[in-house]
Amino acid sequence: MNIAIVAGGMMALISGVLLIFQYPFHFTVITIISTLIGIVIGGLFGALFDYQTFLTGFSNGLMLGLMSPMIGSILTDQFLFIVALEGLIGAAISLIIVSIIRS
């Protein structure tokens, strides 16, 4: 379940933040795109396990996809946030790989 949450949420978060930095005046379209990315990735990772995990990944991707453009639009130091976010995603992927190997 944690794999679906992390994968869908992190992909929605990074896609929403990066897209809002690139296209700051297209808020509605970027919100829709980042939400769809989060839903699809979270749903795909959740569908690998069972229906309940699918719903968890789906809903987490949905929520972070809706919130990520809002987070990206209020930031003042974009470079520092992107570096920290990429480090967080790298750490999350490393933890997912370790948990897959151990299970």
Side-chain angles (χ1 to χ4, degrees):
M1 186 176 293
N2 291 329
I3 294 170
I5 289 172
V6 169
M10 287 296 160
M11 288 306 296
L13 181 65
I14 194 69
S15 66
V17 169
L18 289 179
L19 284 173
I20 203 71
F21 287 164
Q22 292 295 319
Y23 308 104
F25 299 112
H26 302 283
F27 192 78
T28 306
V29 176
I30 291 171
T31 302
I32 292 170
I33 290 171
S34 66
T35 303
L36 289 176
I37 289 171
I39 286 172
V40 169
I41 301 283
L44 286 176
F45 273 91
L48 294 174
F49 301 103
D50 61 358
Y51 184 70
Q52 195 124 28
T53 309
F54 168 77
L55 287 175
T56 304
F58 183 91
S59 62
N60 190 50
L62 174 77
M63 291 308 295
L64 275 172
L66 290 172
M67 288 189 298
S68 61
M70 290 182 265
I71 294 169
S73 65
I74 63 167
L75 293 174
T76 55
D77 191 6
Q78 298 174 352
F79 179 74
L80 182 62
F81 185 76
I82 290 176
V83 169
L85 192 59
E86 291 293 332
L88 179 67
I89 289 173
I93 290 172
S94 300
L95 287 173
I96 288 173
I97 291 171
V98 167
S99 69
I100 290 173
I101 291 172
R102 288 189 175 197
S103 63

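Atom CD of E86 sits in a crowded spot, with more than 12 heavy atoms from other residues, nucleotides or ligands closer than 6.0 Å. The number of heavy atoms from other shown groups lying within 6.0 Å of CE (M63) does not exceed 12.
Residues L88 and M10 meet the side-chain proximity criterion, which asks for heavy atoms closer than 4.5 Å. With a 4.5 Å cut-off on side-chain heavy atoms, I5 and F45 do not count as touching. Counting only heavy atoms from C-beta outward, the side chains of N2 and I96 never approach each other to under 4.5 Å.
L18 and I93 fall within a single hydrophobic cluster, where Ile, Leu, Val, Met, Phe, Trp and Tyr are joined by side-chain heavy atoms under 4.5 Å apart, directly or via other members. In the hydrophobic clustering of this structure, V40 does not group with I37; members are Ile, Leu, Val, Met, Phe, Trp, Tyr whose side-chain heavy atoms approach within less than 4.5 Å, directly or through other members. Residues L66 and L19 fall into different hydrophobic clusters, defined by Ile, Leu, Val, Met, Phe, Trp and Tyr side chains chained together at heavy-atom separations under 4.5 Å. By the rule that hydrophobic residues join a cluster once side-chain heavy atoms approach within less than 4.5 Å of another member, V6 and I100 end up as members of one cluster. One hydrophobic cluster, built from ILVMFWY side chains closer than 4.5 Å, cannot hold both V29 and L62; they sit in different ones.
In plain terms, the two heavy atoms of Y23 and I30 that are nearest each other are O-CD1, 3.1 Å. Between A12 and G61, the closest heavy-atom pair is CB-O, 3.8 Å. Pairing each heavy atom of I3 with each of F49, the nearest pair is CD1-CZ, 4.1 Å. For the residue pair P69 and G65, the shortest heavy atom distance occurs at CD-O, 3.3 Å. Taking each heavy atom of I41 and M11 in turn, the nearest pair found is CG2-CG, 4.0 Å.
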Checklist entry - Stepwise, does the side-chain contact (heavy atoms from CB on, under 4.5 Å) test hold for L44 with F54? => result CA-CA 7 Å; L44 286 176; F54 168 77; over 6 Å; no
Checklist entry - Where do I82 and F21 land on the side-chain contact (heavy atoms from CB on, under 4.5 Å) test, with the steps shown first? => result CA-CA 10 Å; I82 290 176; F21 287 164; 3.3 Å; yes
Item to check | Steps toward side-chain contact (heavy atoms from CB on, under 4.5 Å) verdict (I71, L13) | outcome: CA-CA 9 Å; I71 294 169; L13 181 65; 4.2 Å; yes
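Rounding to the nearest 0.5 Å places CD1 of I20 at 10.5 Å from CD1 of I33. To the nearest 0.5 Å, the span separating CG on L75 from CG on L80 amounts to 9.5 Å. With values rounded to the nearest 0.5 angstrom, S94 atom OG is found 11.5 Å from I89 atom CD1. In this structure, CD1 on I14 lies 3.5 Å from CG on L85, to the nearest 0.5 angstrom.
Listed by first then second residue, pairs satisfying side-chain hydrogen bond (donor to acceptor under 3.5 Å, both in side chains) with a partner in residues 53-73 read D50-T53, not counting sequence neighbours.
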